[in-house]
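Okay, structure first, notes after.
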Amino acid sequence: MSRAERVADLAEAAALVRDGMTVGLSGFSYQNPPMAIVRALIRRGLKDLTIVSGPTSGIETDLLIGAGCARRVVSAGVAFERVAGIAPAFRRAAERGEIAVWECDECVWHLALKAAAWGLPCVLWRGAVGSSLPDLNPDLREVTENGRRYVRVPPVQPDIVFLHAAEADVYGNVRVAREAYLGRTFSEKALALACRGPVVATVERIVPDDEAAGSPERTLLRGALVVETPWGAHPGGASGRYVPDLAHHREYASAGEARRRGDPVPYQRYLERHVYGAKEHDDYVRTIGVARLEGLRMGRT
C-alpha cells in the first residue's frame with residue numbers, strides 16, 4: 001500500500017487556527033521557534049488565543065502578544081536572555097492586565113502537558129510545594145495525600161501545535177539535525193503528545209524517504225503535517241542549521257520597549273516591515289537579506 005503524503009503550505013497550516021483556540025508552539029528561548037507560522041497567524045488577524053509555549057519561550061510568543069492575538073499565556077517565562085530579561089510585549093500586556101498569565105515553572109509546565117497526554121485530571125508534584133505558585137495561580141492547588149504535601153497540576157491541552165525542526169520527509173517524519181546543538185530536542189514531544197488536534201512542523205528542508213529511513217534515531221515525531229520553510233525559525237535559531245539573529249532581537253526589543261514607555265511608532269513600524277508587509281515567507285526572507293541569513297549558518301555571525 002502507498003503511504004499518504006503529509007505536505008502542506010503555510011497558508012493551509014495557518015488556516016487551521018480559529019479565534020479562541022489553544023495553540024502550542026515549540027521553541028526554547030532563542031531555539032527552534034516556528035516564526036514563519038507565527039507571522040502567518042498574525043496576518044490572519046486571529047484573536048483570543050491561548051499560547052502554550054516554551055517551557056521558556058521567546059519572540060514567537062511575544063510577537064503574538066504584541067500583535068493583539070493572545071489573551072492567555074502558558075509559559076514559565078517569555079524572555080530574550082541577555083537581550084531582554086523580560087520580553088517587552090509580554091511585560092507590557094501583563095502589567096496592563098491585557099493578558100492572563102498561567103503562572104508556572106518549567107517542571108509544572110511539562111507536568112501539565114503530561115497530564116493532558118495521559119488523560120488524567122491532574123498529576124501530583126512535590127517540587128512546587130512551599131513555593132508561591134499556588135498563590136499566583138489558582139489552578140495549582142496544594143493538597144495532602146497520605147500525610148504528604150503535593151501541588152495538584154491540572155492538564156493543559158493544545159488544540160493544535162506548531163513546531164519548527166531541521167527536516168522531515170513527505171510522510172510526516174520530523175527529524176533533528178545531525179549537527180544539533182544545545183540538546184537534540186526541546187519541548188516538541190511533550191506538546192505533540194498533549195495535543196488534541198493536528199501537529200504541524202515547519203522544517204528547513206524536506207528530505208528523501210530513504211534518507212529518513214537510513215537514520216531512524218534522528219526521528220523526533222511521526223505523522224505531522226509538514227511545511228517546507230527554509231529560515232522558518234528566524235530570528236530564532238534552528239538547532240544544527242543556524243544560530244539566532246541577536247541583532248534582530250535587539251531591534252525588536254528596542255521597538256517593544258519604546259512602545260511600553262509610550263511610543264508605539266517603532267513597534268508598529270516593525271510589524272509593518274516584518275509581518276504585514278511581508279505577505280509570504282519568501283518576502284520576509286528578502287526583507288532580511290540572504291547575505292545576512294547566510295552569515296548565521298552554524299555559528300557564523
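Note: hydrogens, waters and symmetry copies are ignored here, and every other heavy atom, side chains too, is used.
Looking at Glu294, its side chain never comes within 3.5 Å of a backbone N or O of Ala291 through a donor-acceptor pair. A donor-acceptor pair under 3.5 Å links the side-chain atoms of Asp62 to the main chain of Ala89, judged by distance alone. With Arg44 contributing its side chain and Ala14 its backbone, the two residues share a donor-acceptor pair below 3.5 Å. Side-chain atoms of Glu60 come within 3.5 Å of backbone atoms of Gly58 as a donor-acceptor pair (strictly under, hydrogens ignored). In this structure a side-chain-to-backbone donor-acceptor pair under 3.5 Å is present from Ser131 to Ala128. Side-chain atoms of Thr229 come within 3.5 Å of backbone N or O of Val227 as a donor-acceptor pair.
Here the CD1-CG distance, from Ile42 to Leu49, works out to 10.0 Å after rounding to the nearest 0.5 Å. The distance from the CG atom of Asp169 to the CD atom of Glu211 is 10.0 Å, given to the nearest 0.5 Å. Note that CD1 of Ile160 and CD1 of Ile37 are 8.0 Å apart. Values are rounded to the nearest 0.5 Å. Distance check: Arg148 CZ to Leu124 CG gives 11.0 Å after rounding to the nearest 0.5 Å. Expressed to the nearest 0.5 Å, how far CG of Leu191 lies from CZ of Phe162 amounts to 12.0 Å. Here the CG-NZ distance, from Leu193 to Lys189, works out to 8.5 Å after rounding to the nearest 0.5 Å.
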* To do: Dump the intermediate steps for side chain to side chain contact (heavy atoms under 4.5 Å, CB included) on Leu25 and Leu163, then the final yes or no.
  => CA-CA 6 Å; Leu25 300 176; Leu163 314 172; over 6 Å; no
* Determine, stepwise, if the pair Lys47 / Asp19 fulfils salt bridge (charged side-chain N to carboxylate O under 4.0 Å, His left out). => CA-CA 5 Å; Lys47 300 292 183 183; Asp19 289 347; over 6 Å; no
* Asked: Given the rule in the salt bridge (charged side-chain N to carboxylate O under 4.0 Å, His left out) test, do Glu98 and Arg71 qualify, once you have shown the distances and angles that lead to the verdict?
  -> CA-CA 7 Å; Glu98 295 172 351; Arg71 66 169 175 82; over 6 Å; no
* To do: Please test His234 against Met35 for side chain to side chain contact (heavy atoms under 4.5 Å, CB included), starting from the C-alpha separation and ending with a verdict.
  => CA-CA 6 Å; His234 186 273; Met35 292 303 300; over 6 Å; no
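In the displayed structure, Arg82 atom CZ is contacted under 6.0 Å by at most 12 heavy atoms of other residues, nucleotides or ligands. The number of heavy-atom neighbours closer than 6.0 Å to CD of Glu251, taken from other residues, nucleotides and ligands shown, is above 12.
Aromatic rings from Tyr242 and Trp231 are positioned such that their centres are separated by under 6.0 Å. Taking the ring centroids of His274 and Tyr252, they lie at or beyond the 6.0 Å cut-off.
A side-chain donor from one of Thr202 and His164 sits under 3.5 Å from a side-chain acceptor of the other.
Remark: of the listed residues Ser57, Cys104, Ser53, Cys104 is the sole one forming a side chain to side chain contact (heavy atoms under 4.5 Å, CB included) with Trp109.
Using a 30° and 60° split on the angle between ring planes, Tyr270 and His248 fall in the perpendicular class, above 60°.
Note on Arg292 versus Asp245: salt bridge recorded, some NZ/NE/NH1/NH2 to OD/OE distance being below 4.0 Å.
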